[in-house]
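Residue numbers begin at 1 in each chain, while the letters A, B, ... track the order of the sequences. Only heavy atoms go into these numbers, but all of them, side chains included; no hydrogens, no water, no symmetry mates. Nothing here was measured: the structure is a model prediction, and the numbers come from that model.
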Amino acid sequence: MPDSDAILLGLNPAQRKAVEHIDGPLLIVAGPGSGKTRVITHRIAYLVQTTGLSPRRICAVTFTNRAAKEMRNRLERIMGPQAQQVTASTFHALCATILRRDGESIGIPSDYVIFDDGDQMDAIKRSMEAAELDPKRYPPRSLLSAVSSAKSQLMSPEAYLAHAKSYYDEVVQRVYVEYEALLRRSQGLDFDDLLAKTAKLFKEAPDVKAKYQDRFVHLMVDEFQDTNMAQYQLAKDIAGKFQNICVVGDPDQSIYSWRNADLRNILSFQKDYPTAQVVNLDQSYRSTKTILQAARTVIAVNTQRLEQELWTDNEQGEPIVMAEAYNEEDEAQEVLKEVDRLCRTEKYSLRDCVVAYRINAQSRALEEACLRYGIPYRLIGGVRFYQRREVKDALAYLRLLQDPYDEISLARVINEPPRGIGKKTWDDFTRWTKQQGIPMYAGFQVLAGDDEHGPSTDHPFGARQAQSMVDFLQLLNGLRTDAAEMDLPHLIDEVLSRSGYRAHMMESDDTDVEERLENLKELRGVTAPYADMPALEGLQAFLENSALVQDQDAIGEEEQQYLTLITLHQIKGLEFPVVFMVGMEEGLLPHTRSMDDPTQLEEERRLAYVGMTRAKDRLYLLRAFRRRVLGNTAPGAPSRFLNAVPLHLVSPGIGVKAKVRAEPVVYDRRKTTNVDIPVNVAPPFKAGDKVSHGSFGQGIIVSCNPAGGDFEVTVAFLGESGVKRLLHSFAKLDKVS
DNA sequence: GGTTTTCACGTTACG
DNA sequence: CGTGAAAACC
């Protein structure tokens, strides 16, 4: 561990102040690229060094596991092994630990299961059935978001009703009540509960609160602009005794209000903590002067912000490139051409480049272009591993083994694979157990009867239906017995085979059976670390971990060369030498759904700001003249955010067709092509030529046709690659004699 | 009760 | 256009 002077070495005056300020509340407003992670970690090291405080009495909260991991790594580098004693985790993980340990005093069972957002949606739908609400009239999605919003604001159903202003609010309240009852019956906690129940625990068990208040002498919260009210309350509670609360954030990068992040938390921090010191980290070490200036003018229009004059000592850098493509395919092609040029004629490689977009659907055109031109890419996001159907199904079985009262998991697998318990039976069963006032699991037990009297007949089900359900109960019980005597990976195998799930999947003639089996294999693979503990114990640890750590397949850790495709939301916190922002059009950025509300519009602007400030050297802002939206093509106007960028920072674009700030004009498709390669050049290949390609291997030219100043080459490759259509200027095809 | 067809719908996604 | 979930069909 270096001494305190060494820790301060290399910090600018503002950073220094943020590190040195020890006692009392501290607000650090950290602009993009201002080195805030560095400041937090150095602050922790400095604290330990100068005050002699034990590292285990410091708590640093982050929003993503990625950030927590990064912080732990950095701490380890500065502090050495004692860094491990610092609590660096997410609010949710912290709360899950507190609840397992101390939750019993407010009636949280220690074997609770965590409900993710998919489970929440299922639970809302079932709650709507119970409350007799028509999903057509009230979209479950909007009810879920209302309920989640209430919960994240620590409002109970009763409190919600008290504030109800409209009939819709009453509807929400009705669902909310049912939803809470369902969760309680199921012994489930959703992500909002993890926070809210912990807040409740602190409120109702002062001794527990005191325990954590005493333990954590210092609390740090990163990305404070993204906290919701529950998290704010928790931070306030934990720091309640020593008042050493240090929050770090940037209101201009708040892009998660739709997830209940409350900008007021950071904007009014000084009001809530009048003695708070404020440090402005306004020097950017990331972007060029040009990029920073452009981003600043874009964000300056917003009103909900803390004034900040970002500056940098970096070079002026290259102008920002704005360009208009004809449509989304053309846009993708332009991006790839430029990426290719940067990689070939400048110092950049594929992994230095990123393409960012507003909505996931935009990735499609980019992916297709990458495949076509043979550019390796990596798509961040999409359907996450634990969201895939087969993985969710398997987890539901596992969860039932841990918590047989989990109704959501039960509903998921009761007839998966089909075992003769269809909708009718299930509905009847639901009604019957409700009427009897017993949990569903107990319902099965009643049907099975007891050992002495054999199967019960005191129920409204036919013999075949009852038998199906008794069989299911026996399946579960059998698996629970197994769980006692085998490890987790084997238990998963056992679940998949004894339930008939795997067999049913293999019989199906779906096209993606292979892939789904592969996913199940992978699931089994991730349980390997739990193999050396008893299955039930491992199961609980695994289920908690899989809920809490939905691993963002390790962004940036790979050495391989890939072009990164990512949404503007997910790109936050990352930086790249070269950033392409595509779809800079009205309706996309800002998105249609956000255009008529000034608050939401400000958030869209922040999204643009976040995207722009990811770039270190080069920034490209692209748009398409017309774009396919929901099936049909429509022209789109240039995004209003483009207009804010000062013209002197902009270069007139990629290739000849690029227009700065073009009015929408009638665009002639034939004129939209670049002229790097004159059209009258002789074709590079003729049909029958043998060629070789770096990744596809040997192949034979099928055809070679002029396409927009370039040549589209169709090649039949040997082996698995098959027939590919490639663009001559991209694909490095060598003629083989 | 299980399978096929039709229909409606469509932003962003951390834990 | 592509996808998931309800409705119609076997």
Side-chain angles (χ1 to χ4, degrees), chain A residues 61-68 89-96 114-122 125 134-136 139-141 145 148 152 189-195 222-223 226-228 230-231 254-261 328 356-365 368 380-384 386-387 389 415-428 462 464-465 468 504 508-509 544-552 566-573 583 587-595 600 603-604 606-608 610-611 627-633:
Chain A
V61 184
T62 58
F63 267 73
T64 60
N65 288 301
R66 172 157 57 89
S89 86
T90 61
F91 267 116
H92 289 90
L94 185 66
C95 290
I114 297 175
F115 280 15
D116 70 13
D117 38 10
D119 304 320
Q120 277 184 291
M121 184 53 87
D122 291 351
K125 285 181 184 161
D134 180 8
K136 291 242 169 66
R141 237 164 232 306
S145 93
S148 173
S152 72
L189 296 183
D190 63 25
F191 286 118
D192 294 314
D193 281 330
L194 289 176
L195 307 172
D222 193 10
E223 304 285 12
D226 289 335
T227 45
N228 63 29
Q231 288 161 327
S254 161
I255 53 176
Y256 286 111
S257 71
W258 49 274
R259 224 171 57 190
N260 301 320
E328 70 266 31
Y357 38 83
R358 175 67 234 263
I359 64 171
N360 282 311
Q362 285 175 268
S363 72
R364 200 191 164 104
E368 278 172 5
I380 308 290
V383 184
R384 305 220 292 281
Y386 288 106
Q387 305 257 22
R389 198 170 76 224
N415 205 28
E416 190 64 53
R419 51 169 69 85
I421 309 173
K423 189 173 179 339
K424 175 101 178 21
T425 312
W426 174 245
D427 283 349
D428 289 347
R464 214 169 73 191
Q465 292 176 316
S468 299
H504 180 256
S508 106
D509 46 6
E544 179 164 309
N545 190 56
S546 65
L548 253 27
V549 186
Q550 305 243 338
D551 223 346
Q552 276 294 319
I566 196 170
T567 63
L568 284 167
H569 282 89
Q570 296 199 86
I571 204 174
K572 197 174 88 162
L588 217 42
L589 184 67
H591 193 271
T592 332
R593 302 228 170 170
S594 306
M595 289 208 297
Q600 288 187 55
E603 184 144 316
E604 297 286 311
R606 293 193 287 267
L607 208 44
V610 165
R627 183 178 297 274
R628 233 194 331 270
V629 184
L630 309 183
N632 38 11
T633 43

Scan side-chain atoms only and decide if A:Ser152 and A:Asp192 contain a donor-acceptor pair under the 3.5 Å cut-off.
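Per modelled atom types, A:Ser152 and A:Asp192 side chains form no pair under 3.5 Å.
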
OP1 or OP2 of [N] versus the side-chain N and O atoms of [X]: is any pair under 4.0 Å?
X	N	answer
A:Gln550	B:dC14	no
A:Arg384	B:dC14	yes
A:Thr90	B:dC14	no
A:Asn360	B:dT12	yes

For nucleotides 1-3 of chain B, tabulate all protein N/O to nucleotide N/O atom pairs closer than 3.5 Å, reporting atom names and distance.
residue	atom	partner	partner atom	Å
B:dG1	OP1	A:Thr425	OG1	2.9
B:dG1	OP1	A:Gln465	NE2	3.0
B:dG1	OP2	A:Gly422	N	3.4
B:dG1	OP2	A:Thr425	OG1	3.2
B:dG2	OP1	A:Gly420	N	2.9
B:dG2	OP2	A:Asn415	ND2	3.2

Quiz item: cation-pi between A:Arg384 and A:Tyr386, 6.0 Å / 45°
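That pair does not qualify as a cation-pi contact.
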
Calculate the interatomic distance between [X] atom [atom1] and [N] atom [atom2]; express it in whole Å.
X	N	atom1	atom2	result
A:Trp258	B:dC14	CH2	P	8 Å
A:Leu94	B:dC14	CG	C1'	16 Å
A:His591	B:dT12	NE2	C1'	9 Å
A:Met595	B:dT12	CE	C1'	16 Å
A:Tyr357	B:dT12	OH	P	10 Å
A:Arg66	B:dC14	CZ	P	9 Å
A:Gln570	B:dT12	CD	P	10 Å
A:Arg141	B:dA8	CZ	P	18 Å

What heavy-atom pair brings [X] and [Y] nearest, and what distance separates the two atoms?
X	Y	value
A:His569	A:Tyr256	O-OH, 3.2 Å
A:Val610	A:Leu568	CG1-O, 4.2 Å
A:Ala96	A:Glu544	CB-OE2, 4.0 Å

Straight-line distance of A:Leu94 CG to A:Thr62 OG1, nearest 0.5 Å
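Reported value, rounded in 0.5 Å steps: 10.0 Å.
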
Minimum-distance nucleotide (side-chain atoms of A:His569 versus B:dC14, B:dT12, B:dG15):
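Between B:dC14, B:dT12, B:dG15, the one nearest the side chain of A:His569 would be B:dT12.
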
Determine yes or no for a side-chain-to-main-chain donor-acceptor pair under 3.5 angstrom, with A:Asn65 supplying the side chain and A:Leu548 the backbone.
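Confirmed, A:Asn65 side chain pairs with A:Leu548 backbone.
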
Any chance you could lay out the side-chain contact (heavy atoms from CB on, under 4.5 Å) test for A:Leu588 and A:Gln362, step after step, and finish with the verdict?
CA-CA 10 Å; A:Leu588 217 42; A:Gln362 285 175 268; 3.5 Å; yes

How would you label the contact of A:Asp116 with the nucleic acid (heavy atoms, under 4.0 Å): base, sugar-phosphate, or nothing?
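It contacts nothing in the nucleic acid.
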
For a quick check of understanding: with a heavy-atom distance under 4.0 Å over all strands, which category does A:Phe63 fall into, base, sugar-phosphate or nothing?
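Since only primed, P, OP1 and OP2 atoms lie under 4.0 Å of A:Phe63, the category is sugar-phosphate.
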
Residues that A:Lys136 engages under side chain to side chain donor-acceptor pair (under 3.5 Å), provided they are two or more places apart
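A:Lys136: no side chain to side chain donor-acceptor pair (under 3.5 Å) contacts found.
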
A:Tyr256-B:dT12 aromatic stacking (under 5.5 Å, under 30°):
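Not stacked by the 5.5 Å and 30° rule.
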
Nucleic acid footprint by protein, nucleotides 1-8 of chain C - heavy-atom cut-off 4.0 Å, B for base, S for sugar-phosphate alone:
BS----S-

Using a strict threshold of under 4.0 Å (side-chain N to carboxylate O), is an ion pair present between A:Asp226 and A:Lys572?
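Yes.
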
